[in-house]
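First comes the structure, then the notes that go with it.
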Amino acid sequence: MKKALIKDYARALYEVTRGVNEKELEDVLKSFIELLARDGKISKIDKIIEIYIKYEKRQKGIKEIEITSAFDVSESVVKEIKEHFGGEVEIIKKQDKEILGGLRIKLGDTIFDTSIKTQLAKMKESLI
């Protein structure tokens, strides 16, 4: 039998908790914790919950966009990014002084990198 991955537990948790009432939820969660204990995965519960939350958002059509910049991003820039990607968008802002300026936008596995650090690295590479 194939060994279950952490993401499989998160997806399974999502599926078994969808549409259950509060009373049923308590029983389902208890059974899920027992499953994790049996499979030796209790120590992975924080990661399972993190993946569960991201999976739930994807199922609801919510796009999670991470914006990294050297300085605080203005609300007008955030608004433009939300409009560009459309639909329901959740923004996570991060600061990283090492990118020097510009933005790095991450949506799922796709990264749009217009940071000054990356632009300088590309220029350097083209000169070599």
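Along the sequence shown, the residues carry numbers beginning at 1.
- Under a 4.0 Å N-O distance rule, the pair Glu125/Lys122 does not qualify as a salt bridge.
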With a cut-off of 3.5 Å and sequence neighbours excluded, list every side-chain donor-acceptor pair involving residues 25-38.
from	atom 1	to	atom 2	distance (Å)
Asp27	OD2	Lys23	NZ	3.4
Ser31	OG	Asp27	O	3.2

Residues Arg104, Phe112; criterion side-chain contact (heavy atoms from CB on, under 4.5 Å); working and verdict: CA-CA 6 Å; Arg104 186 178 307 131; Phe112 305 92; over 6 Å; no
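- Across all non-hydrogen atoms, the minimal contact from Ser126 to Met123 is OG-O, 2.8 Å.
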Step-by-step side-chain contact (heavy atoms from CB on, under 4.5 Å) determination, Ile53 to Ile49: CA-CA 6 Å; Ile53 291 168; Ile49 292 169; 3.9 Å; yes
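- A salt bridge links Lys93 with Glu75: the closest approach of a Lys/Arg side-chain nitrogen to an acidic carboxylate oxygen falls below 4.0 angstrom.
- The aromatic rings of Tyr52 and Tyr14 sit tilted, their planes meeting at an angle between 30° and 60°.
- Between the CD1 atom in Ile6 and the CD1 atom in Ile45 there is a gap of 9.0 Å [rounded to 0.5 Å].
- Counting heavy-atom neighbours within 6.0 Å of Lys57 NZ, excluding the residue itself, gives a total above 12.
- Atom CD1 of Ile67 and atom NZ of Lys82 lie 9.0 Å apart (nearest 0.5 Å).
- Using modelled atom types, no side-chain atom of Ser69 and backbone atom of Leu103 make a donor-acceptor pair closer than 3.5 Å.
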Step-by-step side-chain contact (heavy atoms from CB on, under 4.5 Å) determination, Phe85 to Ile105: CA-CA 11 Å; Phe85 287 98; Ile105 300 170; 4.1 Å; yes
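- Enclosure of atom CD in Glu83 by more than 12 non-hydrogen atoms of other residues, nucleotides or ligands within 6.0 angstrom is indicated.
- Judged by distance alone, the side chain of Lys63 and the main-chain N or O of Ile91 form no donor-acceptor pair under 3.5 Å.
- Looking only at distances, no side-chain donor or acceptor of Lys94 sits under 3.5 Å from a matching main-chain atom of Thr68.
- Asp113 places a side-chain N or O within 3.5 Å of a backbone atom of Ser115 that can act as its donor or acceptor partner.
- Once rounded to the nearest 0.5 Å, the distance linking NZ of Lys44 with CD1 of Ile51 reads 10.0 Å.
- Remark: Arg58 CZ to Arg11 CZ distance equals 6.5 Å, nearest 0.5 Å.
- Note that CD1 of Ile99 and CZ of Phe71 are 9.0 Å apart. Values are rounded to the nearest 0.5 Å.
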Candidate pair Glu50 and Lys47, rule side-chain contact (heavy atoms from CB on, under 4.5 Å), full reasoning: CA-CA 5 Å; Glu50 178 185 324; Lys47 187 66 176 171; 3.3 Å; yes
